[in-house]
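For reference, the structure is listed below as structure tokens.
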Protein chains: 2
Amino acid sequence: MTASKSPTSGVIVYQRLRRAILEQALKPGTRLREDAIGEQFGVSRTIVRQALVRLESEHLVDTQRNRGACVAEPTLDEAEQIFEIRHCLEAEVIRRLVQRISVIGLESLDAHVDQEDRVRGKDGPVSIRLAGEFHILLAELTGNKILCNYVSELVTRCSLILAMYSRSHSSDCAVDEHRQIIQALRDKDIDAALSIMNHHLGAVQGRASLSGDDDDNLQSVLARYAEDPKA
Amino acid sequence: MTASKSPTSGVIVYQRLRRAILEQALKPGTRLREDAIGEQFGVSRTIVRQALVRLESEHLVDTQRNRGACVAEPTLDEAEQIFEIRHCLEAEVIRRLVQRISVIGLESLDAHVDQEDRVRGKDGPVSIRLAGEFHILLAELTGNKILCNYVSELVTRCSLILAMYSRSHSSDCAVDEHRQIIQALRDKDIDAALSIMNHHLGAVQGRASLSGDDDDNLQSVLARYAEDPKA
DNA sequence: TCCGAAAAAATCGTATACAAAAATATTTTG
DNA sequence: CAAAATATTTTTGTATACGATTTTTTCGGA
């Protein structure tokens, strides 16, 4: 058990903000003023700045000199490129898992989808996050950390894209399709697995239209994420 | 004309350090003390810290709380995973370029390899960097920025790996093979292109793993000198 | 001499201070 | 009244300050 030390404050703020973005609580374009965030999290701007640098290097926020940071707003062009690479990497994930996935792995996938089912219908931030985390879990099961990292990054960026361009955030990932993917993996049916994944991502990708924006204000959103106890 | 503003100091320091790592001037394990760097670049620790955070999020440096930062030392396991994903992504690059590459693109590749030839034999940091940048240029020509980003990241990490595990840093990338790749792209011969790229990366990769056990830790060094007193 | 504990130095983590730039409000001018 | 000009406030960029933690050094005792 590698009892890693408590992360530095900057990392914690980074994680919280990141989750807020993944759950689409922080919407694209939202301005991220440094003292506002610092006040919410009870830290100084120094720390907030670190978190923002991290987020920027993941392309989750855009920063302009002397103008501060905003939650990134991928263009449709970028969105397409992101989805393309996501397709590419998740196909690699599927190929690897079909070839070799453990029983335990399949079980954890089942468990995850069960959890998705449980919060289903609520259509809230949690269900959005879980949908993304299914794909991250798949990547984790390959055992390749780099692959997992990239997929995780792309999933979060896709969440941004959906927040921008999709009007119905409901069923961003059909839970049913997640189950089909698991089944195909269980059957070691690579063609089925790949085609379902492609269809699945395609469906997500397909929803690209303009959406009206209903923004929460920064303070109330951050208040929720400032004290979230579950890592 | 996008006259982008001058980057913030943190970004500049980050870029400089990054290049130093790519050129293997900063070797894996090198401690990166904050004031030492700050003094060198004429900036405060605040700025250096930002640069280190950036590098850390790219996995080019490792940071331990209260213990500072070091140039990352990928394990053999990580090295293997990195190469695997690099294979995967560079294959995607090849597939895309065979399908559609412009004449201008081919010309810029030629120009790059010419440059590689020119500094060849010198075997210095510049040639190491150019070798890596050939692959980054390939990725750029696909027009997909995300793909390019990831390849660029992986190339730099591979430079780290070679610095760690390869004893002869010379010709980390055979210029000749670069030319062969260009030719295959010109011929739109996807099989040739893929196979050359695979061989090319495999060669680089192979050099790394075979010498994996000769790290300069005291134990193994003493062991060698204990039984073979050639010095 | 060698080992361990205490003291000193070096280094990091974070908050704060202040200058520079941008955004906003106010006044002036036509 | 509108638009330009100026003053004010806000916000960012960077340096510095200071407590906390780690590393190194010193030194007394076995």
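Below, chains carry the letters A, B, ... as their sequence lines are ordered, and counting in each starts from 1.
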Ignoring the backbone of Val43(A), work out which of dC12(C), dT12(D), dA15(C) is nearest its side chain. dA15(C)
Cys148(A) and Ala139(A) have their tightest heavy-atom pair at CA-CB, 3.8 Å
CG/Asn149(B) to CD/Glu58(A) distance, rounded to the nearest 0.5 angstrom? 11.5 Å
Between Ile47(A) and Asn66(A), which has a closest nucleotide on DNA chain C that is more 5'? Ile47(A)
Look at Arg65(B) and dT11(C) and indicate whether a side-chain polar atom (N or O) is within less than 4.0 Å of OP1 or OP2. no
Assess whether a salt bridge exists between Arg33(A) and Glu39(A), defined as any Lys/Arg side-chain N lying under 4.0 Å from an Asp/Glu carboxylate O. no
Choose from dA23(C), dT14(D), dC12(C) the nucleotide whose nearest atom is closest to any side-chain atom of Asp35(B). dC12(C)
Using heavy-atom distances to pick each residue's nearest nucleotide on DNA chain C, tell me which of Arg67(A) and Thr8(A) is more 5'. Thr8(A)
Distance, rounded to the nearest Å, where Gln50(B) contributes CD and dT14(C) contributes C1': 14 Å
Could a donor-acceptor pair under 3.5 angstrom be found where the side chain of Thr46(A) meets the base of dT16(C)? yes
From the options dT14(C), dA15(D), dC12(C), select the nucleotide whose nearest atom is closest to the side chain of Ser44(A). dT14(C)
When the distance from CZ of Phe41(A) to P of dT14(C) is rounded to whole Å, what number comes out? 15 Å
Closest-nucleotide 5' rank along DNA chain D - winner of Gly42(B) and Arg31(A): Arg31(A)
Rounding to a whole Å, what distance do you find between Glu34(B):CD and dT16(D):P? 15 Å
Give a yes/no answer on whether the side chain of Arg33(A) brings an N or O atom under 4.0 Å of OP1 or OP2 in dT11(D). yes
Leu32(B) CG to dC12(C) C1', straight-line distance once rounded to whole Å: 14 Å
Please determine whether a side-chain nitrogen or oxygen atom of Arg45(B) lies at a distance below 4.0 Å from atom OP1 or OP2 of dT14(C). no
Heavy atoms only: give me the nearest Arg67(A)-Arg31(A) pair and the separation to one decimal. O-NH2, 3.0 Å
No-hydrogen, no-angle side-chain donor-acceptor test under 3.5 Å, Glu153(B) and Tyr150(A): yes
Looking at dT14(C), I'd like to know if its phosphate oxygens (OP1 or OP2) sit under 4.0 Å from a side-chain N or O belonging to Ser9(A). yes
